[in-house]
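Take a look at the structure set out below.
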Amino acid sequence: MSLARREFVAGLSAAALAGASWGARAAGEPSLAERARRKGLFYGCSVANQLDKDPAYAAAVAHEAGLLAAEFQNQWQYLGRKPDGATDFSAGEVVARFAAAHGQLLRGHALVWFSRLGDPFKQAASRAEAERALVAHVREMCTHYAGRMQSWDVVNEPLDPFDGGPDGLRARGDALTEKLGPDYIDIAFHTAREADPKAILVLNEAGIENDAERHERQRRNLIGLIDRLQDRRVPVDAIGLQSHLRTGRQSSIGAGYGAFVPAKFERFVSEITARGLRIIVTELDVFDGGSPGDVAARDREVAAMYADYLAIILKPKQTLGVVTWGLSDRYSWITGGTVDRFKRADKLPSRPLPLDTDLRPTPCYAALAAAFDAAPSR
Ligand code: XIL
C-alpha cells in the first residue's frame, strides 16, 4: 500500500465514525478511484464548498475520488480580492489542499466561460484591453496552480446550438466573441500552455451526447471548431464532454434533449479520437426526470444510463477518465433545486449521483464500478 493510500485509509477511520453507513461499507471494497486506476483511468468528482463543513461527506470524497474539481471556486467571476487587491485563491485552495492531502489529482474548471467572466473583461472598452484582461487572468490562474493541475478546462461551452454564429460559436450578446472574435480561444489556450506546460488543456462542451437536432448541431460545430483550431496549431490536448445526461431514452419527457443512441455517439467519439485528441468525461450525472417515482425503478434507469454511456466512452484508449458532477445527491446542482429544467413533475428529489443523500451507494455507483472493471486497460 502506498504512503498516500495508507494515510487516507488512516484518515478515514476517524472520519468514518461520522458517517457510519458509508464508512462501514467502504472498508472491504475497492473505491471507484481504485477501480479506475487499475485500468489506467481516473475517477473523480466535483466538489463545491462543503469539504470543510461536512466530515462524513468529506470522508466519502477522500475515499472514492481519485481526482477533484472545484465546481465554481476557480471561476473568474467568483475570485475574490484581498485588501491589497491581489487575487484571493482561498476557496480553490481548500480543494487543492484536500486533494494534495489525500493523494488526489486536481483539475481546473474553468478559465474562460461566457457565463462567469470577470469584471476586468466585462468592462474592457477596447479589443486590446479585453485581450490584456484575458491573458492576465489565464496566466495568473495557470501560474498559481502550475504543477498541481492535472488538467484545465481552458474554454467552457464555446458553442451555441440555437443562436450561434455560422461557425456555431456563441455570438449575439456574447462578450467573448463580441470583443475578441473566435481568437479568444486561441489566446486562452496559448497563454495556458505557456504558463503551465504540463497541464492537459481541455476544450469543454455541453449538450452533445444525444440523438437530438441541437446535439447533432453541437457535434458538427465542435468537429468544425477542432479542425480550425488544429489548422491554427492551437494547443488543445483533450475534449471535455460534460455529459449531463437524462433517463427516458424513448423520451417523451425532456423533449428536445433526444435519446442516447450508443452507435451514433460512438461515431462522434471516433471523430474526436481520429483527430489525435484525448477525451475526459468532465461533469457526468443523470437527471431522472424521465423516470417513474418508485425509487428502485428509477435507480435502475439511472444506472442503465450510466452503464450505456460508460460502455462507449471507456472503450477508446484516448479516454483518460471520468468526473461526476458531485459525488452524493446531498450536494448536486440537480438536486439543489435551483435549476428549473431539473425539477421532476412529481416534485420528488432526483437521484443523479453514485451516493445518495445518506452517502449510501446507489445502483449507479455499481454501474460505475462495473464499467471501470470492464474497461480495457490503458
Ligand atoms: C453548475 C454548478 O454545479 C453550480 O455550482 C453552478 O453555480 C452552476 O453551474 N456546466 C458547467 C458547470 O460547466 O460549471 C455547471 O455547474 C453545470 C453545467
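All ligand and atom numbering here is 1-based and tracks the order in the structure.
- With ligand atoms numbered from 1 in the order given, ligand 1 contributes 10 (N), 11 (C), 12 (C), 13 (O), 17 (C), 18 (C) to contacts under 4.0 Å with heavy atoms of E283.
- Looking only at distances, no side-chain donor or acceptor of D153 sits under 3.5 Å from a matching main-chain atom of V202.
- No salt bridge links R219 with E205; every basic N to acidic carboxylate O contact stays at or beyond 4.0 Å.
- In this structure, atom 14 (O) of ligand 1 lies nearest to the protein heavy atom H109 NE2, 2.7 Å.
- Interface of Q242 with ligand 1, defined as ligand atoms under 4.0 Å from a residue heavy atom, comprises 10 (N), 11 (C), 13 (O), 18 (C).
- Salt-bridge formation is detected for the pair E266/K315: a Lys NZ or Arg NE/NH1/NH2 atom is positioned less than 4.0 Å from an Asp or Glu carboxylate oxygen.
- Close N/O approach between E157 and ligand 1 is found [any backbone or side-chain N/O within under 3.5 Å].
- When hydrogens are left out, the protein atom nearest atom 5 (O) of ligand 1 is E71 OE1, 3.3 Å; that is the closest non-hydrogen contact.
- For ligand 1, the atoms closer than 4.0 angstrom to any heavy atom of W113 are 11 (C), 12 (C), 14 (O).
- What sits closest to atom 9 (O) of ligand 1 on the protein, heavy atoms only, is R116 NH2, 4.0 Å.
- Of the polar atoms of N204, none of the N or O atoms is found under 3.5 Å from an N or O of ligand 1, judged by distance alone.
- Enclosure of atom NZ in K122 by more than 12 non-hydrogen atoms of other residues, nucleotides or ligands within 6.0 angstrom is indicated.
- Because its NZ or CZ atom is not both nearer than 6.0 Å to the ring centre of F372 and within 45° of the ring axis, K39 does not count as a cation-pi partner of that residue.
- Residues V155 and V236 fall within the same hydrophobic cluster, defined by Ile, Leu, Val, Met, Phe, Trp and Tyr side chains chained together at heavy-atom separations under 4.5 Å.
- Side-chain atoms of R107 never come within 3.5 Å of backbone atoms of W152 as a donor-acceptor pair (strictly under, hydrogens ignored).
- Comparing F72, Y78, W325 against atom 15 (C) of ligand 1, the shortest heavy-atom distance belongs to W325.
- In N156, the part holding a heavy atom less than 4.0 Å from any atom of ligand 1 is the side chain.
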